[in-house]
Peer 1: 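Below you'll find the structure I mean.
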Protein chains: 2
Amino acid sequence: MASIKDVAAEAGVSVATVSRVLNDHPSVSADARTRVLAAVETLGYRPNAVARSLRTDQTHTLGLVISDVMNPYFTELARSVEEEARALGYSVIIGNADERPDLQDHHVRTLLDRRIDGLLVSPTDGGSPLMLDAARAGTPMVFVDRWIPGVDVPVVRSDGRAAVRDLVAHLHGLGHRRLAIIAGPAATTTGRERVEAFREALGAYGLDLPDAYIGQGDFQAESGRLVTEGFLDLAEPPEVVFAADNLMALGALDAVRARGLRVPDDLALAAFDDIRWFVHTDPPVTAIAQPTGELGRAAVRALVDRIEGRPGQSVTLPARLVVRRSCGENPTPVQRSTT
Amino acid sequence: MASIKDVAAEAGVSVATVSRVLNDHPSVSADARTRVLAAVETLGYRPNAVARSLRTDQTHTLGLVISDVMNPYFTELARSVEEEARALGYSVIIGNADERPDLQDHHVRTLLDRRIDGLLVSPTDGGSPLMLDAARAGTPMVFVDRWIPGVDVPVVRSDGRAAVRDLVAHLHGLGHRRLAIIAGPAATTTGRERVEAFREALGAYGLDLPDAYIGQGDFQAESGRLVTEGFLDLAEPPEVVFAADNLMALGALDAVRARGLRVPDDLALAAFDDIRWFVHTDPPVTAIAQPTGELGRAAVRALVDRIEGRPGQSVTLPARLVVRRSCGENPTPVQRSTT
DNA sequence: AGTGCTCGTGGAATCGATTACATCGACGGG
DNA sequence: CCCGTCGATGTAATCGATTCCACGAGCACT
């Protein structure tokens with residue numbers, strides 16, 4: 001592969017001049033410029049990004065460590081992150097933590113070794129020493145979706161509280177009184193928050209959230225199935241199950257069908273995270289939709305701001321309830337409590 | 001961030017010795033080794049992968065350019081690719097072409113600029129000059145799922161012919177005679193192949209595949225919906241629609257429901273690519289399952305073989321039919337014609 | 001004791017770019 | 001006519017690693 005020296009030789013100039021042409025530095029004669037560009041063309045020269053990065057200490061690359069690539073929510077997030085990054089002149093390296101803190105650390109480490117310019121993370125746990133060190137050491141970093149409390153890093157996420165209130169209003173309006181939740185891992189912020197928001201919203205209707213109605217899941221499908229089976233085995237099973245993410249909702253659907261029961265007649269179902277497939281399931285699933293694309297884009301903008309020396313804003317966007325048929329028939333549009 | 005010089009100074013040795021310890025070169029004294037390791041520890045030193053790559057001309061990174069991240073089939077592929085690569089000591093940079101040749105070229109170009117060790121591609125088109133040049137220039141490359149004919153590059157894919165025959169046998173056995181297909185882009189190998197396999201299998205039963213029953217899709221959901229609407233508007237609509245990928249099958253489901261029709265009574269449906277959600281749709285969708293994980297792993301092994309100077313095998317694995325309820329009731333197990 | 005190993009080590013070149021600094025010619029003002 | 005300035009260019013240092021080569025010490029063999 002041709003290097004800058006070859007181009008210089010071909011054009012009859014020094015490597016410095018070639019470099020100046022390539023980075024369009026002002027003081028290059030028109031003549032030299034055309035000769036260099038011609039040489040670049042004939043040799044099919046492309047600058048070596050590795051060498052350039054070593055010298056400039058910039059890779060124009062962002063690292064994105066997500067919790068689970070098989071989760072459509074994160075897939076969509078990854079997609080919007082890559083799009084926005086590309087628009088701003090950055091590439092993205094994605095690492096899949098698969099909800100495992102050890103894998104998350106592995107990816108953070110290799111990304112730092114590659115000297116990526118900045119890191120976008122949705123942490124699977126409460127914060128490993130490695131990540132805390134990186135944050136303290138000043139690596140530009142932004143948390144997206146989930147975050148680690150007490151670390152001085154911008155957070156881009158959506159606030160589901162209002163939507164959870166809307167959901168509970170909807171459920172209450174349909175006559176449901178025994179409401180259960182399949183929670184995410186307590187080590188994650190979203191895992192905790194969704195339970196709290198649910199409990200609070202229930203409280204506004206004088207309803208309780210007993211421990212038996214809080215099932216511990218791990219954001220993956222199998223845990224949703226197991227927790228739902230547990231609910232169905234209770235002496236007094238819940239009327240509604242609220243799954244804290246889309247995969248656990250699928251597991252719940254599985255459990256209900258396996259017993260020959262029906263949604264929503266025997267058990268109503270709602271989920272956090274709206275995905276395309278929920279329109280096509282039987283019945284279509286009522287869900288809380290996050291502005292996923294916006295989150296990804298805002299996260300990239302915040303990160304690039306930090307990288308380029310600007311402040312880097314935390315962003316919180318509202319989620320909204322999408323009513324379908326999985327909680328009961330005849331859905332009447334629910335007013336959002338905030339906009 | 002500490003560099004190798006800092007470590008050398010701290011340990012009281014030369015950078016050469018530090019480098020030897022880090023790459024466990026045999027001729028280093030035990031004493032020097034422990035001093036260096038101690039210095040590494042106290043400084044929290046991590047080698048700069050950029051500098052190392054410049055010198056060794058190896059990045060230990062693979063590029064993966066996939067057609068569409070939002071397609072669960074490719075997501076699963078990406079996941080298995082990353083896993084196998086990690087096991088072999090490589091990282092993966094994923095580029096999402098979104099079924100657009102221009103984006104595909106963009107990603108190939110930036111990956112080459114980063115001097116990735118090898119490239120894994122499932123081409124969205126018949127082959128851009130850029131990709132052909134890269135292949136000719138000797139960049140280690142492997143095609144996965146889709147490929148470009150006439151290029152000397154290993155291909156890792158699955159052969160759906162037998163499974164398509166099984167599908168047609170299944171459909172014929174259920175009494176269906178008017179069978180239609182939603183095809184993928186003719187510029188892709190899988191787009192063409194699946195139509196041909198379907199036509200051939202029909203021929204074995206004396207059935208025809210008229211042009212009116214071949215709908216042109218683009219592997220994304222919306223096209224599946226439009227094509228299906230077209231089928232339903234025909235004077236003599238098909239009894240079955242076979243979608244050449246999972247997203248177009250979802251579009252088809254959409255179209256059927258929008259008219260208040262039912263699967264399979266009014267229109268039966270089958271799809272290429274089995275995904276988890278097909279179990280949960282109404283009705284569960286009969287599909288042809290590829291050994292996606294195996295494909296990803298085999299592709300990585302083939303690529304790493306080429307990178308490390310070994311031959312690099314093309315691999316073709318069989319796909320298999322998974323019968324569910326979307327083509328008619330009372331499914332009897334279908335014998336696979338090959339194993 | 002001299003010769004020829006091996007082993008451990010350091011100095012310095014190298015990878016492919018960017019960029020500070022030096023140089024040189026042309027040109028305009030005093 | 002001379003000097004200062006500016007524009008275009010080249011030389012060489014530099015980024016952080018790897019690795020070739022040289023060197024000295026220790027040791028075994030003759």
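Just so you know, these numbers use all the heavy atoms, side chains as well, and skip hydrogens, waters and symmetry mates. Throughout, protein chains are lettered first and strands after them, A, B, ... in sequence-line order, and every chain is numbered starting at 1.
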Peer 1: Between the side chains of Asp305(B) and Gln313(B), does any donor sit under 3.5 Å from an acceptor?
Peer 2: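 Side-chain D/A pair, Asp305(B) to Gln313(B): absent.
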Peer 1: Quick check: on DNA chain C, is the nucleotide nearest Ala32(B) upstream (toward 5') of the one nearest Thr56(B), or the reverse? Name the residue that is more 5'.
Peer 2: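 Of the two residues, Ala32(B) wins.
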Peer 1: In this structure, how many angstroms lie between the P atom of dT19(D) and the CZ atom of Arg20(B), rounded?
Peer 2: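 So the two atoms are 11 Å apart, to the nearest Å.
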Peer 1: Quick one: Asn48(A) CG to dA17(D) P, roughly how many Å, whole number?
Peer 2: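 Result: 17 Å.
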Peer 1: Of His106(A), Gln104(A), Arg109(A), which is the lone residue that meets side chain to side chain contact (heavy atoms under 4.5 Å, CB included) with Leu130(A)?
Peer 2: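 Considering His106(A), Gln104(A), Arg109(A), a side chain to side chain contact (heavy atoms under 4.5 Å, CB included) with Leu130(A) is found only for Arg109(A).
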Peer 1: Which residue lies toward the 5' end of DNA chain C, Ala30(B) or Arg55(A), if each is placed at its nearest nucleotide?
Peer 2: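 So the residue in question is Ala30(B).
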Peer 1: Rounded to the Å, how far apart are Gln58(B) CD and dT19(D) P?
Peer 2: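 It is 9 Å, rounded to the nearest whole Å.
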Peer 1: I'd like to know if Arg52(B) reaches the base of dT18(D) with its side chain, counting only an N/O donor and acceptor under 3.5 Å.
Peer 2: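 Check fails, no donor-acceptor contact within cut-off.
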Peer 1: On DNA chain D, does the nearest nucleotide to Ala2(B) precede the nearest nucleotide to Ser29(A) from the 5' side, or the other way round? Give the residue.
Peer 2: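 With Ala2(B) and Ser29(A) compared, the 5'-side residue is Ser29(A).
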Peer 1: Decide if atom CG of Asp57(B) counts as having more than 12 heavy atoms of other residues, nucleotides or ligands within a radius under 6.0 Å.
Peer 2: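 Result for CG/Asp57(B): open.
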Peer 1: Give a yes/no on whether any side-chain N or O of Thr17(A) is located under 4.0 angstrom from OP1 or OP2 of dG10(D).
Peer 2: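 Yes, because at least one side-chain N or O of Thr17(A) sits under 4.0 Å from OP1 or OP2 of dG10(D).
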Peer 1: Mind checking if Ala49(A) touches a base, just sugar-phosphate, or nothing, with heavy atoms under 4.0 Å?
Peer 2: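 It contacts nothing in the nucleic acid.
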Peer 1: Base, sugar-phosphate or nothing for Val18(B)? Non-hydrogen atoms, less than 4.0 Å.
Peer 2: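 Contact class for Val18(B): none.
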Peer 1: Give Ser27(B) one of three labels, base, sugar-phosphate or nothing, depending on what nucleic acid heavy atoms sit under 4.0 Å from its own.
Peer 2: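 Counting heavy atoms under 4.0 Å across all strands, the contact made by Ser27(B) includes a base.
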Peer 1: Run the side-chain hydrogen bond (donor to acceptor under 3.5 Å, both in side chains) check on Ser122(B) and Ser67(B) step by step: do they pass?
Peer 2: CA-CA 6 Å; Ser122(B) 75; Ser67(B) 316; 2.9 Å; yes
Peer 1: Using chain B heavy atoms and a threshold of under 4.0 Å, write down where along DNA chain C the contacts begin and end, 5' to 3'.
Peer 2: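 The footprint of chain B covers dG8(C) to dG16(C).
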Peer 1: Could you state the CG-C1' distance from Asp24(A) to dA8(D), rounded to the nearest angstrom?
Peer 2: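 The distance from CG of Asp24(A) to C1' of dA8(D) comes to 16 Å, rounded to the nearest Å.
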Peer 1: Inspect the contact between Glu294(B) and Arg297(B) and indicate whether a charged nitrogen and a carboxylate oxygen are less than 4.0 angstrom apart.
Peer 2: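 Looking at Arg297(B) and Glu294(B), the cut-off is met.
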Peer 1: Under 4.0 Å from OP1 or OP2 of dT18(D): is there any side-chain N or O of Ser19(B) that close?
Peer 2: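 Affirmative; the distance criterion is met.
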Peer 1: Classify the nucleic acid contact of Asn23(A) as base, sugar-phosphate or nothing, counting any heavy atom under 4.0 Å across all strands shown.
Peer 2: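 Counting heavy atoms under 4.0 Å across all strands, the contact made by Asn23(A) is with sugar-phosphate only.
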Peer 1: Expressed as a whole number of angstroms, how long is the span from Ile4(A):CD1 to dA12(D):P?
Peer 2: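 Nearest whole value for this atom pair: 17 Å.
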Peer 1: Would you check if Gln220(B) and Asp68(B) make a side-chain contact, meaning some heavy-atom pair closer than 4.5 Å?
Peer 2: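 Gln220(B) reaches Asp68(B) side chain to side chain.
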Peer 1: Give a yes-or-no answer on whether the side chains of Thr61(A) and Arg115(A) include a donor-acceptor pair shorter than 3.5 Å.
Peer 2: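 No, no side-chain donor-acceptor contact under 3.5 Å.
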